[in-house]
Every structure is written in structure tokens, then in C-alpha cells.
Visitor: 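Below is a structure I'd like to ask you about.
Residue numbers begin at 1 in each chain, while the letters A, B, ... track the order of the sequences.
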Amino acid sequence: MHDIKALRDNPAAFDANWARRGLPPQTPAILELDEKLRKLQTELQTAQSRRNEASKEIGAVKSKGGDAAELMAEVANLKDRMAILEEQEREVAEKLNEILSALPNMIAGDVPDGADENDNVEIRTFGTPKNPNTEVPDHVAIGEALGLMDFEGAAKVAGARFSVNKGGIAKLHRALGQLMLDTHTMEHGYTEIDPPLLVSTDVMYGTTQLPKFRDDQFETTDGRWLIPTAEVVLTNLVRDEILEGLETPIRMTAMTPSFRKEAGSAGKDTRGIIRQHQFYKVEMVSITRPEDSEAEHLRMLNCAENILKKLELPFRTIVLCSGDMGFASRKTYDIEVWIPSQQKFREISSCSNCGDIQSRRMKARFKRAGAKDTEFVHTLNGSGLAVGRTLVAVMENYYDPADGGIFVPKALLPYMGGVTKIVKAA
RNA sequence: GGGCAGGUGGCAGAGUGGUUGAAUGCGCUAGUCUCGAAAACUAGUAUGGGUGCAAGCCCAUCGGGGGUUCGAAUCCCCCUCUGCCCGCCA
């Protein structure tokens, strides 16, 4: 949710910021509703105040055996009026909330302006793309040739956009997850969390999946939602909390399946496991004080990059431009890994600083030592990494054209039980 | 799924229709005392919102929502969560 007081003080700044995302001016409608709402609230509260007062008087009069009929009549009138005001207040508040909850976060000042992904800015690269000119089969061809990926089986049991990994590839996938979790927990200071995969509507609202992105989500028949990312659960663990101090950021990581309808991406990435309804992802979430979130953002980005460095996979890091950013984000870095079969970099991680938009919705606050007032925390999330896409990158970058096998990256050897290369199933 | 018992401030725990936003204890903060500390004593110590330059005033909140009443933490209904018993089950 947005800071309505700040918006009141400086509506032009809000409109200018939303314009960077290509939105027309929003504040005139908001301010009009806000003014209407406060007027109603003031009138309602005046009536409530009088009712409370009169009720006390009634109690006093009655306890002395007097006649309170006149006062009771006054209260009856007030109640009629209050019922009307309450109804109006509810309607206006709902309307205002509807508008505000559908508006994206303010973009940070140092984010480059731009219309779409073509305007994103590369900030660094790592490694050199292998096989720059030779044709490498894609992960589907590699996996099927090895007999270790079964897309027909997946389609048979679940439909399109699902996959079945077998044997060495399934193990490789699991090893990747292990490496990521171990690195984040033992080297990067994150606490491992094993969370629910189904969450309530309030929780989905808290991290802004709802109300705007309902069509992307799987809803259960009992009113719960399958998480589209572990960000949703991890971040909401601090909802309704008033944290003490928060001098050190809270850092959580989890490996969970992520479920997405991919409603708007028909025809995109239909081959293979790049874009699926279900995929494993290791997620990092940090909760910080406002003044710490920028540094934490860079730290988190480094944690994600570190995984790719360990795997010795070429990648580049970009800053998303204003027009390509997600709804909740103030600033987003994407990491893109080299995919040989496509001869291009593809997104494998996205690290976002969400500022206080989620914490306002979740009522996640902290209190400084000795301070009287609470403040909203900042929330950050980043993939560290998308495990399925990392598997694709490993398969293609470690492909051995000599026999169609896949070398196991050094960093994964401890997790592979002595296997150094994935070869055709016996 | 069935039954029983509960959800009160940071914590523990009173309170069953009327100046109770809420006793008491603990914790926490400040002050007094002390060379300093402890102890003791004194004072303060919820969240959100409206209004105001401000001090302040006002409204709401005792798991959530609705109802009864002049008035609800207290009565009624629904939901939810926790504990225990039974059933079922990875």
C-alpha cells in the first residue's frame, strides 16, 4: 500500500514517478476520495463521541432512578445518522483501497528510464560464453537423448508445461538445490526455512500478488493459493509484527516449488523446462530498516551471483529500466545466464528491493531502541537461483559433444555421490 | 471429520453489561539514591486513525466479522487459530 500522507503532501511526485512506468496521472482521483473519506470519518467520529457521552449520561441518570427518555431518543437519532455515515465510509474506503492497491511501487531515483526490456542496462558480466559458434543441442535434445528427461510422460500425467526428470538429471537438479541452500545458509548468513506451499488470501495480498495478479495464480477449492514463489511465504512471516531494533537484517532462504499459471505467456518458451507451471526455486528474502535496504540489495545480488560463479557459468547482470520493472519493486537487478543453444543470456534470477510497499500491506514494522513510534520495514527478495533454469544452463554449458553426456560441475561433485559425468541411461 | 476447552497490552494474568484502553505482577525506559553497580523507591511504558502550528482533543481496537443494547472485553450467531480427546491418515 502507498503512504497516503506522503501522497497528500506531494501528489506531483507520485504522478511523475508513476509516469515513468507509463501510467497517466492518478492522484486527482485519489485525493478526491481521500478528502471525502476524511470528511466522513470526522463527521462519524463526532457522532460517536456524542453517543458515547450520552450513553454515560444515561447510565448516570438511571443509576439515580431518573428518566433518561430524552437522552435515549437523541442517541436513537444519532444511530440512524451513524448507520448512513458508516455505509458511506465503507464504500469510499473500499473504492480508495481498490485504486491504491492496484498501483505499483515508486521507482528508485537511480533506475534508468525506459520502455521495455530493450532499455535495461548491463552492469557487469562474468565468464566467457562457451561454444560461441558451435551448435549445441538444447537441454531437451540432450536430456531426451540421454533418456533422462521425459516430456511425454509429463504431458500424460499433468499436461503442457510440466516435466519429468530421471536418474542422473534428477540427481543433478537436486544437487543444484543443495549447493544453493548450503551456500546461502553456511556462507551468506541466511536461515533456511521449510515453509507451507499453500497460503491464505491475506498473505497473497501482503506481497502484492493480489488483487492485481489473480489470473496468474492457482487458487484451491478451499480459498487458499499455491505460492508462485517462496517470497510470498518468507516475507509474510513478519506480517503483523513489530520487530525490535532490526539493527541486523533478517535473512531467510527456502527451496520450494513455485506454481504459476503463465496465463499471459501462451506460445512463449513452450519447449523444455524454461517456463513451466511448476518449478523449484531457491529464494532469498531480507527484512531491513529503510536505511539498510540498498546495501542489502547489493549484498543479495552478490549472493545470487556467487552461485553462478561457483558453477562457473557465464552470466551478465542488468538493472531493469523503469518500464520493465515488476509491480512491487523500487529497483530490480536481473541475472542472466548464458544459454548456448539459444546463443543468448536468459533470466535466472531477479533481485528486487520492494521498499515499504509490502510491509505497509502486511503491517510489518520495527521499533528503534528507545523510539516511541514504529516504522515500516523494507523487504527484499531475490532468486538464488531458479533451480530448473540453472539445470538447463548446466546441461548445455557442460555438454560433451563427444558422447552427448554432461560433465558435473566441480562445485556439485560433493553432492553427486562420486558421479563425475551424466551419461546415457543403461 | 466429531467433541471439549480456550484466544485480553512485550510477556504472565485479572476482569462476565456501565466513567475498563483495560487491575496486578514481570519486563522495558527515565529519574532518585550510590564513587559506580545491584537493591529499593518514583514516574512513564499498546496500535491504527481523525483533527490541530503545537500542547492537546477525539474515534476505533480485548483473535476476525455480524448482531442484541442507550451502553459490550463481558450476551447471541458465523468464521478462524491454539490445546486436548475420538476417528482417519503420509
Side-chain angles (χ1 to χ4, degrees), chain A residues 1-9 30-97 99-101 194-206 210 219-225 233 236-247 250 256-257 287 356-377:
Chain A
M1 196 43 62
H2 298 281
D3 184 350
I4 188 75
K5 285 182 185 165
L7 189 147
R8 246 177 243 151
D9 291 343
I30 294 170
L31 290 174
E32 192 186 324
L33 283 170
D34 178 51
E35 198 171 318
K36 210 165 162 186
L37 179 64
R38 283 186 294 156
K39 217 169 151 189
L40 286 166
Q41 284 175 333
T42 303
E43 194 181 343
L44 178 61
Q45 289 181 3
T46 306
Q48 285 170 327
S49 178
R50 176 55 198 155
R51 181 207 57 193
N52 291 347
E53 196 180 18
S55 290
K56 280 180 188 173
E57 287 174 35
I58 290 168
V61 169
K62 283 196 165 180
S63 69
K64 287 176 192 152
D67 177 14
E70 202 173 308
L71 280 165
M72 285 168 73
E74 185 192 348
V75 172
N77 276 332
L78 274 174
K79 282 178 73 173
D80 289 344
R81 178 71 188 142
M82 281 165 59
I84 295 167
L85 288 170
E86 277 172 12
E87 173 64 16
Q88 289 177 344
E89 196 216 327
R90 202 184 53 75
E91 276 172 24
V92 175
E94 199 172 302
K95 190 87 214 298
L96 183 59
N97 189 51
I99 293 175
L100 286 174
S101 63
D194 175 14
L197 307 179
L198 289 171
V199 297
S200 69
T201 298
D202 286 348
V203 162
M204 291 288 275
Y205 177 84
L210 294 176
E219 184 176 11
T220 66
T221 52
D222 67 348
R224 275 180 257 264
W225 305 79
V233 230
N236 273 281
L237 284 175
V238 298
R239 72 179 291 116
D240 294 320
E241 294 282 332
I242 299 174
L243 303 164
E244 290 294 333
L246 197 62
E247 285 81 12
I250 295 172
T256 70
I287 312 296
D356 62 6
I357 192 171
Q358 294 180 326
S359 62
R360 284 179 184 278
R361 292 197 185 200
M362 298 188 301
K363 295 182 174 58
R365 293 152 293 172
F366 76 103
K367 191 182 263 185
R368 297 176 196 275
K372 193 168 164 52
D373 293 328
T374 60
E375 298 171 54
F376 288 104
V377 301

Visitor: Decide yes or no for A:Gln88 and A:Lys36: does some side-chain heavy atom of the first lie under 4.5 Å from some side-chain heavy atom of the second?
Guide: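 SC-SC contact between A:Gln88 and A:Lys36 ruled out.
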Visitor: Using a heavy-atom cut-off of under 4.0 Å over every strand shown, decide if A:Arg368 touches base, sugar-phosphate, or nothing.
Guide: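 Nothing: the residue A:Arg368, judged by heavy atoms under 4.0 Å, touches no strand.
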Visitor: Between B:G21 and B:A46, how far is it from one C1' atom to the other, in whole Å?
Guide: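 That atom pair is separated by 9 Å.
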Visitor: Below the 4.0 Å mark, does B:G71 have OP1 or OP2 next to a side-chain nitrogen or oxygen of A:Lys79?
Guide: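 True: A:Lys79 side-chain N/O within range (under 4.0 Å) of B:G71 OP1/OP2.
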Visitor: Take atom P in B:A72 and the same atom in B:U80, then report the distance between them in whole Å.
Guide: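 After rounding to an integer number of Å, I get 26 Å for this pair.
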Visitor: Applying the Watson-Crick and G-U wobble criteria at under 3.5 Å, what pairs with B:G48? Answer none if nothing qualifies.
Guide: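 Looking at the geometry, B:G48 pairs with B:C59.
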Visitor: Using a 4.0 Å heavy-atom cut-off, does A:Lys363 contact any base of the nucleic acid, only the sugar-phosphate backbone, or nothing at all?
Guide: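 Nothing, no nucleic acid heavy atom in range.
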Visitor: A:Thr42 side chain N/O closer than 4.0 Å to the phosphate oxygens (OP1, OP2) of B:G50?
Guide: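 Checking A:Thr42 against B:G50: no side-chain N or O falls below 4.0 Å of OP1 or OP2.
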Visitor: Closer than 3.5 angstrom, by distance alone: can the side chain of A:Arg365 be matched with the main-chain N or O of A:Ser359 as a donor-acceptor pair?
Guide: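 Pair absent, no side-chain N/O of A:Arg365 close to backbone of A:Ser359.
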Visitor: Any N or O donor-acceptor pair linking the side chain of A:Gln45 to the base of B:G49 at under 3.5 Å?
Guide: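 Answer is yes: a donor-acceptor pair is held.
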Visitor: Apply side-chain hydrogen bond (donor to acceptor under 3.5 Å, both in side chains) to the pair A:Asp222 and A:Thr220, showing each step before the final yes or no.
Guide: CA-CA 5 Å; A:Asp222 67 348; A:Thr220 66; 2.4 Å; yes
Visitor: Can you tell me how far C1' in B:G63 sits from the matching atom in B:A40, rounded to whole Å?
Guide: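 My reading of the C1' atoms in B:G63 and B:A40 gives 40 Å.
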Visitor: Would you find more than 12 non-hydrogen atoms of other residues, nucleotides or ligands less than 6.0 Å from A:Glu219 atom CD?
Guide: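 Yes, enclosed.
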Visitor: I'd like the C1' distance from B:G10 over to B:C28, given in whole Å.
Guide: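 To the nearest whole Å, 8 Å.
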Visitor: Give a yes/no answer on whether the side chain of A:Arg224 brings an N or O atom under 4.0 Å of OP1 or OP2 in B:U80.
Guide: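 Indeed not, no polar side-chain atom of A:Arg224 lies that close.
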Visitor: Look at all strands and tell whether A:Lys39 reaches a base, only sugar-phosphate, or nothing, counting heavy atoms closer than 4.0 Å.
Guide: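 Nothing, no nucleic acid heavy atom in range.
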Visitor: If we take the P atom in both B:G7 and B:A12, what is their distance in whole Å?
Guide: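 Here B:G7 and B:A12 have their P atoms 12 Å from each other.
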Visitor: Rounding to an integer number of angstrom, what distance separates B:A90 and B:U74 when you compare their P atoms?
Guide: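 Going atom to atom, P in each nucleotide, I get 43 Å.
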Visitor: Which is true for A:Ile242 with a 4.0 Å heavy-atom rule: it touches a base, it touches only sugar-phosphate, or it touches nothing?
Guide: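 Sugar-phosphate: the residue A:Ile242, judged by heavy atoms under 4.0 Å, touches backbone atoms but no base.
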Visitor: Please measure how far the C1' atom in B:U42 lies from the corresponding atom in B:C33, and state the result in whole Å.
Guide: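 Approximately 11 Å lies between the C1' atom of B:U42 and that of B:C33.
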Visitor: Which part of the nucleic acid does A:Thr46 contact within heavy-atom distance under 4.0 Å: base, sugar-phosphate only, or nothing?
Guide: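 The answer is nothing, as A:Thr46 stays clear of every strand by at least 4.0 Å.
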